[in-house]
There are 2 protein chains.
Amino acid sequence: MQLSNTSKYTIRILAYMVNHKDRSLISAKELSENLDIPYKFLTKIMTELVKVGFIESIRGREGGYKFLRKASEITVGDILELFNDAIKNEECILGIDSCDPKQKCALHDKWIKSKVQLQKMFRESTIESIAGEGNKI
Amino acid sequence: MQLSNTSKYTIRILAYMVNHKDRSLISAKELSENLDIPYKFLTKIMTELVKVGFIESIRGREGGYKFLRKASEITVGDILELFNDAIKNEECILGIDSCDPKQKCALHDKWIKSKVQLQKMFRESTIESIAGEGNKI
DNA sequence: ATTTAATACTACCTTGGAGTAGTAATTAAA
DNA sequence: TTTAATTACTACTCCAAGGTAGTATTAAAT
Ligand code: SF4
Ligand code: SF4
């Protein structure tokens, strides 16, 4: 019951970028060093984030990354969905085919409240809203 | 953000056993067939459950498994802990060393409420309490 | 006693997430 | 124009979870 490293890294990367949005571009090197994420793994993630349009990249010397979509319009839920980490509505927590409230699994009644709250929390947590003062990175 | 197969299987196995607690012993074959869990994988899990004392096994012909600890005293939380699937208190959701509310991570304030509720839900869900009528298995 | 049906043990295979290595392509600075 | 600093691409390695195969052990039924 935890997020994938890729999702964790991505949330921290984008939060870092928001916290430094005064600067026009941020490099993979800076992100890797400041967030303590393996450089090569980070660049792989960045390329993916470019592909899906969360950020854009400027190649070559003095290059780097900046937001393409606004940070207030990217949610933690979007990130989890991207890396297949989201809590899907139709997915049974016990893995018994797909969720059908007419035919509930053993945990359904206990789980459903937490599930809804989690989904709402992830959906409402924009990158803008979580990036804040004095948080650890 | 989901449970391991091993945890899912175990919850279903123990719930099934509660639902058939009239019978003195239940075999791996029956569990495997009725719950659609690979036989060899299931026996591996059962042996582990015997080792930690949730159930006991009777070997030989007409053998099988039955509860050792009472089903009302085994919780879903116990199972998740056993398979390292639990939400640990000291574990940061973003993976930034260990949780220190004095030095919060970006998601802390949004996450903490769900976290507490999930932990409580898992802790309060005994096998006895989730096994019920007409649930899918 | 032998057979049969059950659990236990040991060793392996497979898959996907995580991480690494090397090189190509790009572009500004020197 | 060369060099340096950057992102992009391709191809691997590593590890743990999930799953499989074969055999040993146990004990009731026959
Ligand atoms: S039954 Fe409850 S838990 Fe199982 S899938 Fe439907 S919602 Fe999720
Ligand atoms: S800060 Fe919040 S989220 Fe990060 S660890 Fe502490 S509790 Fe968990």
Side-chain angles (χ1 to χ4, degrees), chain A residues 1-13 17 23-68 79-86 94-95, chain B residues 1-13 17 23-68 79-86 94-95:
Chain A
M1 205 61 170
Q2 56 170 283
L3 303 178
S4 67
N5 277 4
T6 310
S7 291
K8 292 177 190 171
Y9 288 160
T10 300
I11 295 168
R12 293 172 58 214
I13 289 164
M17 286 178 67
R23 319 240 308 288
S24 62
L25 285 176
I26 299 179
S27 73
K29 183 158 179 284
E30 174 178 350
L31 289 167
S32 169
E33 286 172 356
N34 284 284
L35 299 176
D36 200 30
I37 299 172
Y39 178 79
K40 285 288 197 177
F41 193 48
L42 180 135
T43 58
K44 195 188 274 184
I45 294 174
M46 299 310 280
T47 300
E48 178 67 14
L49 297 181
V50 169
K51 275 200 184 118
V52 299
F54 286 1
I55 59 179
E56 68 180 313
S57 66
I58 309 295
R59 293 175 70 162
R61 185 164 177 159
E62 304 288 287
Y65 302 96
K66 67 177 176 190
F67 280 101
L68 187 55
I79 294 166
L80 301 193
E81 251 165 60
L82 178 57
F83 298 115
N84 212 32
D85 239 352
L94 295 186
Chain B
M1 206 58 171
Q2 58 170 283
L3 303 179
S4 67
N5 277 4
T6 310
S7 291
K8 291 177 189 170
Y9 288 159
T10 299
I11 295 168
R12 294 171 56 213
I13 289 164
M17 287 178 66
R23 319 241 307 288
S24 61
L25 286 175
I26 298 177
S27 72
K29 182 157 179 284
E30 174 179 350
L31 290 167
S32 167
E33 285 171 356
N34 284 284
L35 300 177
D36 199 30
I37 299 172
Y39 177 79
K40 286 288 198 177
F41 193 49
L42 180 135
T43 58
K44 194 188 273 185
I45 294 174
M46 298 311 279
T47 301
E48 177 68 14
L49 297 181
V50 169
K51 277 202 182 116
V52 300
F54 285 1
I55 60 180
E56 69 181 312
S57 67
I58 310 294
R59 293 175 70 163
R61 186 164 176 161
E62 305 287 285
Y65 303 95
K66 66 176 175 189
F67 280 102
L68 188 55
I79 294 167
L80 302 193
E81 252 166 57
L82 178 57
F83 298 115
N84 211 31
D85 239 352
L94 294 186

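Every chain is numbered from 1 and lettered A, B, ... according to where its sequence line falls, protein lines coming before strand lines.
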Original post:
Mind checking whether A:F54 and A:T10 have side chains closer than 4.5 Å, heavy atoms only?
Top reply: no
Original post:
So what does B:T43 hit on the nucleic acid, given a heavy-atom distance under 4.0 Å: a base, only sugar-phosphate, or nothing?
Top reply: nothing
Original post:
Counting only heavy atoms not in B:N84, do more than 12 fall under 6.0 Å of its CG?
Top reply: no
**OP:** Using whole Å, report how far CG of A:L35 lies from P of C:dG19.
**Re:** 14 Å
Original post:
Within the distance-only criterion (no hydrogens, no angle test), does the side chain of A:D85 pair as donor or acceptor with the backbone N or O of A:L3 below 3.5 angstrom?
Top reply: no
**OP:** Could you pick out which residue, A:E62 or A:Y9, lies toward the 5' side of DNA chain C when each is mapped onto its nearest nucleotide?
**Re:** A:Y9
Original post:
With a 4.5 Å heavy-atom cut-off, do A:E62 and A:L25 have their side chains touching?
Top reply: no
Subject >> Separation of D:dT6 C1' from A:E30 CD (nearest whole Å) >> reply: 13 Å
Original post:
What's the closest nucleotide to the A:F41 side chain, out of D:dC9, D:dA29, C:dG19?
Top reply: C:dG19
Original post:
Within this structure, what is the CG-to-P distance between B:D85 and D:dA17, rounded to whole angstrom?
Top reply: 10 Å
**OP:** With DNA chain C as reference, determine whether B:G60 or A:G60 sits nearer its 5' end, using the nearest nucleotide of each.
**Re:** B:G60
Subject >> d(CZ, A:R61; P, D:dT7) in whole Å >> reply: 13 Å
Subject >> Donor-acceptor pair under 3.5 Å, B:R59 side chain vs D:dT25 base >> reply: yes
Subject >> Phosphate contact (D:dC9 OP1 or OP2) by A:T47 side-chain N/O below 4.0 Å >> reply: no
**OP:** Quick one: label A:Y39 by what it contacts on the DNA or RNA (base, sugar-phosphate, nothing), any heavy atom closer than 4.0 Å.
**Re:** base
**OP:** Could you tell me whether the phosphate oxygens of D:dA17, OP1 or OP2, come under 4.0 Å of any side-chain nitrogen or oxygen in B:T6?
**Re:** no
Original post:
D:dT7 C1' sits how many Å from A:K29 NZ, rounded?
Top reply: 15 Å
Subject >> Whole angstrom value for the distance that separates P of C:dA8 from CG of B:L49 >> reply: 10 Å
Original post:
Any donor-acceptor pair under 3.5 Å between the side chain of B:K40 and the base of D:dG22?
Top reply: yes
Original post:
Can you tell me how far P of C:dA18 sits from CG of A:D36, to the nearest Å?
Top reply: 16 Å
**OP:** May I ask you to evaluate whether B:N5 reaches the phosphate of D:dA17, defined as a side-chain N or O under 4.0 Å from OP1 or OP2?
**Re:** no
**OP:** Using only heavy-atom distances, decide whether a donor-acceptor pair under 3.5 angstrom links the side-chain of B:K44 to the base of D:dG19.
**Re:** yes
**OP:** Select base, sugar-phosphate, or nothing to describe what A:F83 touches, counting heavy atoms under 4.0 Å on all strands.
**Re:** nothing
Subject >> Check ion pair A:K44-A:E48 (N to O, under 4.0 angstrom) >> reply: no
**OP:** In whole angstrom, give the distance that lies between atom CG of A:L25 and atom C1' of C:dA28.
**Re:** 12 Å
